[in-house]
**Q** 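I have a structure I would like to understand better, so I am pasting it below and will then ask my questions one at a time.
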Amino acid sequence: MAHFEVKNLSFSYATSPEKVALKEVSVQIEQGAYITICGKSGSGKTTLLRHLKSVLTPYGERTGEVLFKGKKLADISERDQASEIGFVMQNPEHQIVTDKVWHELAFGLESLGYDQKEIRLRVAEMASFFGIQNWFHKDVSELSGGQKQLLNLASIMAMQPSVLILDEPTSQLDPIAAADFLNTVRKINRELRTTIIITEHRLEDILYASDQVIVMDQGRIVANDRPEKIGEYLKTENNDMFAAMPTPMQVYYGVPNKLKCPLTVREGAEWLELLLAGKNLRIREINDEKTLYDESQIKSPAVELKEVWFRYEKKAQDVLKGVSMKVPRNSIFAVVGGNGTGKSTMLKSIGGMCKPYRGKVKVEGRLSMLPQDPQDLFGHGTVEEELKEMLSGKDVAGEETLETVVGICEIKHLLKQHPYDLSGGEQQRVALAKVLLTEPEVLLLDEPTKGIDSFFKLRFAQILEKLKEKGVTIILVSHDIEFCAKYADMVSMFFDGGIVTTNTPNRFFSGNGFYTTAANRMSRHVFKNAIINEEVISLCQLNL
């Protein structure tokens with residue numbers, strides 16, 4: 001039996017009726033299936049998902065219909081939809097409504113009118129299933145991003161939905177927390193037979209588990225098939241979406257061979273062994289040409305922290321514990337680490353939003369910061385108004401700068417839209433444009449690639465390189481390991497309130513077991529220092 005049937009669904013937002021967000025979308029989702037929906041930012045993924053639950057359906061003009069278990073979705077009561085259709089959003093903060101973990105787990109059941117005995121039973125079951133027992137009585141404010149998202153998932157599953165819809169649920173999680181979360185989702189699908197419909201920009205951890213992959217572009221479904229078939233189709237058609245496919249698949253198609261296409265890191269490692277079996281490997285290593293990081297050699301840093309200590313409340317625990325670092329001028333300096341380790345607080349201390357009670361922060365030049373949540377920067381009715389706010393008091397040259405930044409961030413088609421009607425990736429681009437209009441000399445970026453597709457990541461990297469050429473120093477905090485590996489000049493590991501180590505990307509990532517790239521995990525038993533797809537492909541070609 002089909003869980004959902006979408007028939008010729010077309011939709012335009014009320015704020016931009018001339019732009020069709022969905023174009024004659026038709027798809028059938030079977031009960032118990034694991035469905036991955038992917039596509040560029042603004043391709044219609046989130047808009048489609050929101051049409052699968054009436055209370056989340058955006059306001060605008062719609063044609064076509066959505067059926068749930070054979071009935072029109074509009075005819076199913078909100079109570080039945082609340083219990084049957086679970087929805088996990090990108091930002092965990094936007095979905096949590098109570099102050100205590102235990103109350104959040106019970107809230108949905110209380111809203112549906114279950115008696116206390118049933119609520120206690122289901123809450124106990126979910127807390128055990130999701131491993132929440134150790135933080136069951138905590139305040140929600142004390143949880144890390146990964147814990148908050150897991151709490152959202154557990155709260156929804158307490159209502160025993162038959163379908164679970166997830167809209168980029170790991171966009172704010174570190175790589176380890178993201179993998180754990182997605183493994184839990186897979187377990188729910190496998191053990192409870194809950195239908196899963198998920199959109200993600202990180203496909204490494206979900207594509208292999210998918211029964212069906214749907215690719216969207218400009219509001220249409222352009223491909224719908226098994227994962228391995230999708231990769232073959234995208235490569236054959238030279239479709240941009242191929243760049244978002246998992247590393248093993250991209251490396252596979254970058255090297256001429258007739259072996260079976262791998263989907264996971266393990267399959268990729270086995271494929272490499274078969275590919276290179278019997279070959280005399282003449283070149284096994286990528287030479288790291290970047291200069292080794294040495295603080296003593298940085299005489300005039302753009303940013304310097306000296307023994308910085310900070311806590312949010314007088315009697316609270318320290319978040320920053322003696323942080324010291326020097327950031328060279330005209331560099332891209334990346335900081336990685338788990339949720340809740342203090343990375344964002346460190347960035348805010350540089351930006352002046354968190355005042356250390358001990359230590360010094362020195363910044364050379366005009367500073368701007370892109371916050372983790374782009375909506376923090378929005379306060380107007382259209383994107384154009386948001387950007388023009390930054391030109392207050394400026395002359396014609398300011399208008400020229402605006403036009404340039406709009407072109408760089410590729411948001412001209414969004415100018416008349418309300419910022420809150422945009423996808424997560426589009427909001428991130430608009431927020432970036434606002435920050436760039438301040439013409440900073442030091443640019444702080446907190447999770448800048450969150451919600452951004454692989455295509456704009458390439459464009460974003462080019463923007464950062466141009467800024468660097470103009471003398472701008474960039475410090476970015478990110479969970480996007482692949483982006484940091486490919487584009488940063490230096491990478492630091494942040495843990496327990498301080499910086500543990502700093503090194504060049506090749507030296508840093510090739511020495512890590514978990515905080516490293518899929519390309520490195522896949523190839524480290526054969527090659528040394530290879531951390532990005534292109535390096536693995538190059539070494540394969542040189543040895544064949």
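One is the number of the first residue; the rest follow in order along the sequence. Just so it is clear, the structure is predicted and the values come from calculations on it, not from any experiment.
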**Q** State whether the side chain of Arg429 and the backbone N or O of Glu410 hold a donor-acceptor pair below 3.5 Å, judged by distance alone.
**A** yes
**Q** So, Glu482 and Lys486, do they make that salt bridge, N to O below 4.0 Å?
**A** no
**Q** Which value, rounded to the nearest 0.5 Å, describes the distance between Asp446 atom CG and Gln372 atom CD?
**A**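 Answer rounded to 0.5 Å: 4.5 Å.
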**Q** Measure across Ser510 and Asn520 and return the closest heavy-atom pair with its distance rounded to 0.1 Å.
**A**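 Heavy atoms only, the tightest pair is CA-ND2, 3.8 Å.
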**Q** Can you tell me if Asn189 and Arg186 form a side-chain donor-acceptor pair at under 3.5 Å?
**A**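 Distance-only check passes for Asn189 and Arg186.
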**Q** Under the 3.5 angstrom rule, does the side chain of Gln149 hit a backbone N or O of Met89 as a donor-acceptor pair?
**A** yes
**Q** Counting distance only, does the side-chain N/O of Lys53 pair as donor-acceptor with the main-chain N or O of Glu78 below 3.5 Å?
**A** no
**Q** Run the numbers on Gln81 and Val55 for side chain to side chain contact (heavy atoms under 4.5 Å, CB included), then give the verdict.
**A** CA-CA 9 Å; Gln81 288 192 42; Val55 71; 6.0 Å; no
**Q** Would you call Leu153 and Leu164 a side-chain contact if the rule is heavy atoms closer than 4.5 Å?
**A**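 Yes, close enough: below the 4.5 Å cut-off.
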**Q** Drop me the distance from Met159's CE to Met157's CE, to the nearest 0.5 angstrom.
**A** 10.0 Å
**Q** If you take all heavy atoms of Thr195 and Gly32, which pair is closest and at what distance?
**A**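 Answer, listing the atom of Thr195 first, then Gly32: OG1-N, 2.7 Å.
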**Q** Return the minimal non-hydrogen interatomic distance between Lys434 and Glu386, and the atom names on each side.
**A** NZ-OE1, 2.9 Å
**Q** Ignoring hydrogens and geometry, is there a side-chain-to-backbone donor-acceptor pair from Lys71 to Ile76 under 3.5 Å?
**A** no
**Q** Assess whether side chain to side chain contact (heavy atoms under 4.5 Å, CB included) is satisfied between Leu105 and Phe136, documenting all intermediate values.
**A** CA-CA 9 Å; Leu105 285 169; Phe136 185 74; 3.7 Å; yes
**Q** Among side-chain atoms of Asp217 and Ser43, is any donor-acceptor pair under 3.5 angstrom?
**A** no
**Q** Pair Leu143, Leu150 - check side chain to side chain contact (heavy atoms under 4.5 Å, CB included), show working.
**A** CA-CA 10 Å; Leu143 305 184; Leu150 197 63; over 6 Å; no
**Q** Could you measure the distance from the SG atom of Cys261 to the CD atom of Glu228? Nearest 0.5 Å is fine.
**A** 8.0 Å
**Q** Crowded around Glu270 CD? As in, over 12 foreign heavy atoms under 6.0 Å?
**A** yes
**Q** Main chain of Gly108, side chain of Tyr114: is a donor-acceptor contact present, judged purely on distance under 3.5 Å?
**A** no
**Q** Taking atom OH as the centre, does Tyr59 end up with more than 12 heavy-atom neighbours from other residues, nucleotides or ligands that are less than 6.0 angstrom away?
**A** no
**Q** Count the heavy atoms belonging to other residues, nucleotides or ligands that lie under 6.0 Å from CZ of Phe514, then report whether that count exceeds 12.
**A** no
**Q** To the nearest 0.5 Å, how far apart are OH in Tyr13 and CG in Asp421?
**A**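 If I round to the nearest 0.5 Å, the distance is 6.5 Å.
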**Q** Using a 4.5 Å cut-off on heavy atoms from C-beta on, say whether the side chain of Glu204 contacts that of Arg521.
**A** no
**Q** Under 4.5 Å between any side-chain heavy atoms of Ser12 and Val20, yes or no?
**A**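 Yes - at least one pair of side-chain heavy atoms lies under 4.5 Å apart.
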**Q** Decide if atom CD of Glu61 counts as having more than 12 heavy atoms of other residues, nucleotides or ligands within a radius under 6.0 Å.
**A** no
**Q** Could you tell me which non-hydrogen atom of Val222 sits nearest to which non-hydrogen atom of Tyr233, and how far apart they are?
**A** O-OH, 3.3 Å
**Q** Measure from the side-chain N and O atoms of Glu24 to the backbone N and O of Ser10, and report whether any donor-acceptor pair falls under 3.5 Å.
**A**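 Checking the backbone N and O of Ser10 against the side chain of Glu24, no donor-acceptor pair under 3.5 Å is found.
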**Q** Can you find a pair of side-chain heavy atoms, one from Ile221 and one from Met216, that are under 4.5 Å apart?
**A** yes
**Q** Does Ser210 use its side chain to pair, donor to acceptor, with the backbone of Tyr34 at less than 3.5 Å?
**A**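 Side chain of Ser210 to backbone of Tyr34: no pair is present.
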**Q** Within 45° of the ring axis of Phe129 and under 6.0 Å from its six-membered ring centre, is that where the NZ or CZ of Lys187 lies?
**A**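 Output yes; distance and angle both within limits.
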**Q** When you measure from the side chain of Thr194 to the backbone N and O of Ser162, does any donor-acceptor pair fall under 3.5 Å?
**A**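 Side chain of Thr194 to backbone of Ser162, a donor-acceptor pair under 3.5 Å: no, none is there.
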**Q** Which distance, rounded to the nearest 0.5 Å, do you find between the CD of Gln95 and the CG of Leu151?
**A** 9.5 Å
**Q** Counting only heavy atoms not in Tyr253, do more than 12 sit closer than 6.0 Å to its OH atom?
**A** yes
**Q** Once the angle between the rings of Phe483 and Tyr487 is folded into 0 to 90°, is it parallel (under 30°), tilted (30 to 60°) or perpendicular (over 60°)?
**A** tilted
**Q** For a 4.5 angstrom cut-off between non-hydrogen side-chain atoms, does Asp211 reach Arg226?
**A**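 Contact flag for Asp211/Arg226 side chains = yes.
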**Q** Main chain of Pro448, side chain of Gln428: is a donor-acceptor contact present, judged purely on distance under 3.5 Å?
**A**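 Yes.
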**Q** Does Pro169 reach the side chain of Phe181, with side-chain heavy atoms less than 4.5 Å apart?
**A**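 The answer is yes; the side chains approach within 4.5 Å.
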**Q** If you draw a 6.0 Å radius around CD in Glu142, do more than 12 non-hydrogen atoms from other residues or ligands fall strictly inside?
**A** yes
**Q** Between Lys348 and Met369, does the side chain to side chain contact (heavy atoms under 4.5 Å, CB included) criterion hold? Intermediate values first, please.
**A** CA-CA 9 Å; Lys348 289 175 183 176; Met369 179 172 173; 4.1 Å; yes
**Q** Should the ring pair Phe68 and Phe4 be called parallel, tilted or perpendicular, given that the plane angle runs from 0 to 90° and is split at 30 and 60?
**A** tilted
**Q** Could you check whether any side-chain N or O of Gln417 sits under 3.5 Å from a backbone N or O of Val383, counting only pairs where one atom can act as donor and the other as acceptor?
**A**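 No; zero donor-acceptor contacts below 3.5 Å.
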**Q** Quick one: closest heavy-atom pair of Ser478 and Thr449, and the distance?
**A**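 Smallest interatomic distance, heavy atoms only, reads OG-OG1, 4.2 Å.
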**Q** Is any side-chain heavy atom of Leu207 less than 4.5 Å from a side-chain heavy atom of Met249?
**A** yes
**Q** Give a yes or no on whether Arg266 atom CZ has more than 12 heavy-atom contacts from other residues, nucleotides or ligands under 6.0 Å away.
**A** no
**Q** Is the shortest distance from a Lys or Arg side-chain nitrogen in Lys69 or Glu84 to a carboxylate oxygen in the other one below 4.0 Å?
**A**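 Yes, charged N to carboxylate O under 4.0 Å.
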**Q** What's the separation between atom SG in Cys354 and atom CE in Met346, rounded to the nearest 0.5 Å?
**A**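 The SG atom of Cys354 sits 11.5 Å away from the CE atom of Met346.
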**Q** Would you sort out whether Glu200 and Thr36 count as a side chain to side chain donor-acceptor pair (under 3.5 Å), showing the intermediate values?
**A** CA-CA 8 Å; Glu200 263 290 335; Thr36 295; over 6 Å; no
**Q** State, yes or no, whether a side-chain contact exists between Phe460 and Leu445 at a heavy-atom distance under 4.5 Å.
**A**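 With C-beta onward as the side chain, the pair touches.
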**Q** Quick one: closest heavy-atom pair of Thr199 and Asp167, and the distance?
**A** OG1-OD1, 2.9 Å
**Q** Is it the case that atom CD in Gln317 sees more than 12 heavy atoms from other parts of the structure closer than 6.0 Å?
**A**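 No, CD of Gln317 has 12 or fewer neighbouring heavy atoms, counting only those of other groups under 6.0 Å.
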